[in-house]
Novice: 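One structure coming up, written as structure tokens, with questions to follow.
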Amino acid sequence: MTASAPHDPPFRADQVGSLLRPAELKKLRQQHAAGQVSADELRAAEDAAIRRVVTQQEQVGLQSITDGEFRREDFYTDFFVRGLGGVEVRQEQTVAFFIDHEGRKIPVPWTQVVSRLRWRKPIYAEHFRFLSSLTKRTPKVTVPSPIILHFTCGEAAIRKAAYPDMDLFWADITDAYQKEMRSLYEAGCRYLQVDDPPMATLCDEKFQGMMKARGDDPQDALNELYPEMINRAFANRPPSLHLAMHLCRGNNQSGWFGEGSYDPIADVLFNKINVDSYFLEYESARAGNFEALRFVPRNKTIVLGLVSSKLPQLESKDMLKRRIDEAAKYVDIDQLALSPQCGFASSTEGNRLSEEEHFAKLRLVVEVANEVWGEGTGPSVGRSGNTRSQEARSPN
């Protein structure tokens with residue numbers, strides 16, 4: 001008998017992770033960088049802001065709770081620069097850049113590997129313990145994808161003095177992720193999410209061209225190298241540790257940098273990468289239609305990112321329900337859940353919404369999920385006309 005898709009976690013109403021930093025916390029972080037505020041003062045302010053945001057998440061009805069990533073500069077460079085070392089960051093706006101709905105170009109943090117990467121001590125375990133002490137609901141930790149450095153650098157930009165061959169580079173990446181995963185699990189983490197822009201971004205021919213221009217093979221990366229390295233990084237995962245994967249096309253100050261449907265990677269994504277669930281961006285036409293979901297096996301959950309985290313306008317419930325129905329033509333509705341399409345603040349600056357507006361979005365997600373699947377987090381009994389037939393399912 002085929003295992004059923006998990007829902008606890010992810011929950012019928014879920015979130016990607018990052019939340020808007022309070023203005024006073026952003027100011028204190030700037031002052032700390034300038035040497036005007038001590039590390040202890042910044043930590044105390046972070047603790048207070050996280051306590052508040054945990055309560056706010058619970059009040060809107062979320063079951064998965066994050067610390068909003070309030071202790072991070074952005075969703076991924078802290079992990080590599082401060083956590084592993086050996087990485088430098090520059091602001092790129094030629095090869096790649098974010099663009100918003102008004103056409104403004106926003107630089108993207110671009111990494112380069114300059115020396116050996118080493119996991120020396122737990123990076124996020126202490127953050128998790130503090131979060132876990134604040135809630136009886138399910139605390140979630142997010143980590144950047146293990147393939148991000150290669151995607152942004154390419155082999156040519158990884159210094160040969162640090163890594164004379166790529167096998168050593170990937171061995172260090174794998175070692176770091178294995179140790180970090182173990183430290184989080186030992187701290188009590190049971191819900192871990194890997195945030196992955198490269199796989200979805202490489203559905204965009206522009207970024208495939210970027211890889212080709214620097215001498216890398218995007219098709220090999222998509223079909224072989226990247227899936228293998230994600231699987232290596234999280235190999236030997238404890239059965240009780242739920243691993244989710246968020247596919248992202250860029251998220252900074254309400255801008256994005258990639259587009260294209262999931263079709264080119266669907267089979268590999270859903271059937272070759274060893275995760276339990278996927279957070280997929282579907283809030284705009286940039287993601288294409290839902291046909292790629294026909295490849296989803298029965299034991300995996302899809303969290304539909306139908307609510308924009310970039311724009312302040314509140315989506316209508318009827319529209320969201322229609323979109324869920326459309327997705328259910330390709331994958332059983334019992335395998336679906338709902339969330340915003342991305343976090344609200346993948347970087348410190350955050351997207352162009354107010355605190356009130358982004359919590360209204362989260363509240364909407366909870367209300368629609370309850371109306372579609374019923375109160376609570378258990379499996380749905382389904383709605384008439386929304387469960388596709390066995391004959392329509394891809395034979396995977």
Side-chain angles (χ1 to χ4, degrees), residues 8-11 14-33 37-85 119-144 176-195 234 237-238 240-244 246 339 343-348 350 355 358-359 362:
D8 186 11
F11 299 90
D14 217 311
Q15 61 168 320
V16 172
S18 65
L19 300 166
L20 293 175
R21 278 76 156 170
E24 60 271 23
L25 182 58
K26 290 194 284 187
K27 181 179 179 181
L28 279 171
R29 190 174 299 283
Q30 291 173 342
Q31 292 174 331
H32 173 66
V37 169
S38 71
D40 287 343
E41 288 174 301
L42 177 61
R43 173 56 64 93
E46 290 171 344
D47 288 353
I50 290 168
R51 287 190 184 95
R52 178 171 177 264
V53 85
V54 165
T55 299
Q56 290 172 310
Q57 291 170 80
E58 292 180 341
Q59 287 174 342
V60 299
L62 289 169
Q63 297 300 317
S64 71
I65 307 296
T66 76
D67 64 5
E69 301 180 5
F70 282 3
R71 303 191 196 276
R72 308 184 194 184
E73 290 287 343
D74 61 53
F75 85 98
Y76 86 102
T77 59
D78 290 70
F79 183 89
F80 293 114
V81 176
R82 295 172 181 79
L84 302 184
W119 188 93
R120 297 169 179 83
K121 62 180 182 178
I123 301 170
Y124 291 146
E126 183 182 347
H127 299 179
F128 172 82
R129 289 190 183 95
F130 181 78
L131 172 64
S132 182
S133 72
L134 302 177
T135 183
K136 293 183 179 180
R137 298 184 187 178
T138 301
K140 178 167 77 170
V141 176
T142 63
V143 294
Y177 273 81
Q178 286 281 307
K179 289 176 177 175
E180 181 66 10
M181 178 176 66
R182 192 176 306 121
S183 74
L184 284 167
Y185 186 79
E186 290 172 354
C189 178
R190 296 298 182 268
Y191 191 8
L192 181 63
Q193 177 182 299
V194 53
D195 289 329
F234 299 102
R237 173 166 47 96
S240 58
L241 178 60
H242 184 98
L243 182 62
H246 172 232
S339 76
F344 291 90
S346 296
S347 61
T348 296
E355 180 179 292
H358 92 300
F359 276 108
L362 292 171

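Reckoned from all heavy atoms, side chains included, excluding hydrogens, waters and symmetry mates.
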Novice: Under 4.5 Å between any side-chain heavy atoms of Val54 and Thr66, yes or no?
Specialist: no
Novice: Please collect all salt bridge (Lys or Arg N to Asp or Glu O under 4.0 Å) contacts where either partner lies in residues 133-142, sequence neighbours excluded, each pair once.
Specialist: Asp14-Lys140
Novice: Looking only at heavy atoms, what is the nearest atom pair of Phe359 and Val53, with distance?
Specialist: CZ-CG2, 3.9 Å
Novice: Side chain to side chain contact (heavy atoms under 4.5 Å, CB included) for Leu192 and His242? Distances and angles first, verdict last.
Specialist: CA-CA 6 Å; Leu192 181 63; His242 184 98; over 6 Å; no
Novice: I want to check something: taking the side chain as every heavy atom from C-beta on, are Pro139 and Tyr191 in contact at a cut-off of under 4.5 Å?
Specialist: no
Novice: Tell me, please, which residues at least two apart from Gln56 pass side-chain hydrogen bond (donor to acceptor under 3.5 Å, both in side chains).
Specialist: Glu355
Novice: Quick one: does any side-chain atom of His32 pair with a main-chain N or O of Val37 as donor and acceptor, under 3.5 Å?
Specialist: yes
Novice: Consider only side-chain N and O atoms of Thr142 and Arg72, and report whether a donor and an acceptor are under 3.5 Å apart.
Specialist: yes
Novice: Sort and list the pairs that fulfil salt bridge (Lys or Arg N to Asp or Glu O under 4.0 Å) and have at least one residue in residues 19-33, not counting sequence neighbours.
Specialist: Arg29-Glu46
Novice: With the threshold set at 4.0 Å, does a side-chain nitrogen-carboxylate oxygen contact exist between Arg52 and Asp47?
Specialist: no
Novice: Take Gln63 and Asp8, measure what side chain to side chain contact (heavy atoms under 4.5 Å, CB included) needs, and give me the verdict at the end.
Specialist: CA-CA 9 Å; Gln63 297 300 317; Asp8 186 11; over 6 Å; no
Novice: How long is the gap from CG on Asp67 to CZ on Phe130, to the nearest 0.5 Å?
Specialist: 9.0 Å
Novice: Side chains of Thr138 and Phe11: does their closest heavy-atom pair fall under 4.5 Å?
Specialist: yes
Novice: Applying side-chain hydrogen bond (donor to acceptor under 3.5 Å, both in side chains), can you list everything that pairs with His358, at least two apart in sequence or on another chain?
Specialist: none
Novice: Check whether any side-chain N or O of Ser18 sits under 3.5 Å from a backbone N or O of Ala345 as a donor-acceptor pair, and report yes or no.
Specialist: yes
Novice: Are Asp195 and Tyr76 packed together at the side-chain level, in the sense that at least one heavy-atom pair is separated by less than 4.5 angstrom?
Specialist: no
Novice: Any non-hydrogen side-chain atom of Gln57 less than 4.5 Å from a side-chain atom of Leu19?
Specialist: yes
Novice: Quick check for you: to the nearest 0.5 Å, what is the distance between Ile50 atom CD1 and Leu25 atom CG?
Specialist: 8.0 Å
Novice: Who pairs with Glu126 by salt bridge (charged side-chain N to carboxylate O under 4.0 Å, His left out), at least two apart in sequence or on another chain?
Specialist: Arg43
Novice: For Ser183, check side chain to side chain contact (heavy atoms under 4.5 Å, CB included) against everything at least two apart and list the hits.
Specialist: Trp119, Pro122, Ala125, Glu180
Novice: Enumerate, atom names and distances included, each donor-acceptor pair closer than 3.5 Å involving a side-chain atom of residues 77-84, sequence neighbours excluded.
Specialist:
| from | atom 1 | to | atom 2 | distance (Å) |
| --- | --- | --- | --- | --- |
| Thr77 | OG1 | Asp74 | OD1 | 3.0 |
| Thr77 | OG1 | Asp74 | OD2 | 2.8 |
| Asp78 | OD1 | Glu73 | N | 2.8 |
| Asp78 | OD1 | Asp74 | N | 3.3 |
| Asp78 | OD2 | Glu73 | N | 3.3 |
| Asp78 | OD2 | Arg82 | NH1 | 3.3 |

Novice: How many angstroms lie between OG1 in Thr348 and CD in Glu69, if you round to the nearest 0.5 Å?
Specialist: 10.0 Å
Novice: Quick check for you: to the nearest 0.5 Å, what is the distance between Ser132 atom OG and His127 atom NE2?
Specialist: 14.5 Å
Novice: What residues, two or more places apart in sequence or in another chain, satisfy side-chain hydrogen bond (donor to acceptor under 3.5 Å, both in side chains) together with Glu41?
Specialist: Ser38
Novice: Hey, what do you get for SG (Cys189) to CZ (Phe128), rounding to the nearest 0.5 Å?
Specialist: 5.0 Å
Novice: Between Ser240 and Tyr185, do the side chains contain an N or O donor and an N or O acceptor separated by less than 3.5 Å?
Specialist: yes
Novice: Checking side chain to side chain contact (heavy atoms under 4.5 Å, CB included) for the pair Arg71/Leu42: CA distance, chi angles, key distance, verdict?
Specialist: CA-CA 9 Å; Arg71 303 191 196 276; Leu42 177 61; over 6 Å; no
Novice: Do Leu362 and Gln15 have side-chain heavy atoms sitting under 4.5 Å apart?
Specialist: yes
Novice: Which heavy atom of Val143 sits nearest to which heavy atom of Tyr124, and what is that distance?
Specialist: CG1-CD1, 4.0 Å
Novice: How long is the span from the NE2 atom in His246 to the CZ atom in Phe75, to the nearest 0.5 Å?
Specialist: 9.5 Å
Novice: Under the side-chain hydrogen bond (donor to acceptor under 3.5 Å, both in side chains) rule, collect the residues that match up with Thr135, sequence neighbours excluded.
Specialist: Glu58
Novice: With sequence neighbours excluded, what pairs up with Thr55 under the side chain to side chain contact (heavy atoms under 4.5 Å, CB included) test?
Specialist: Gln59
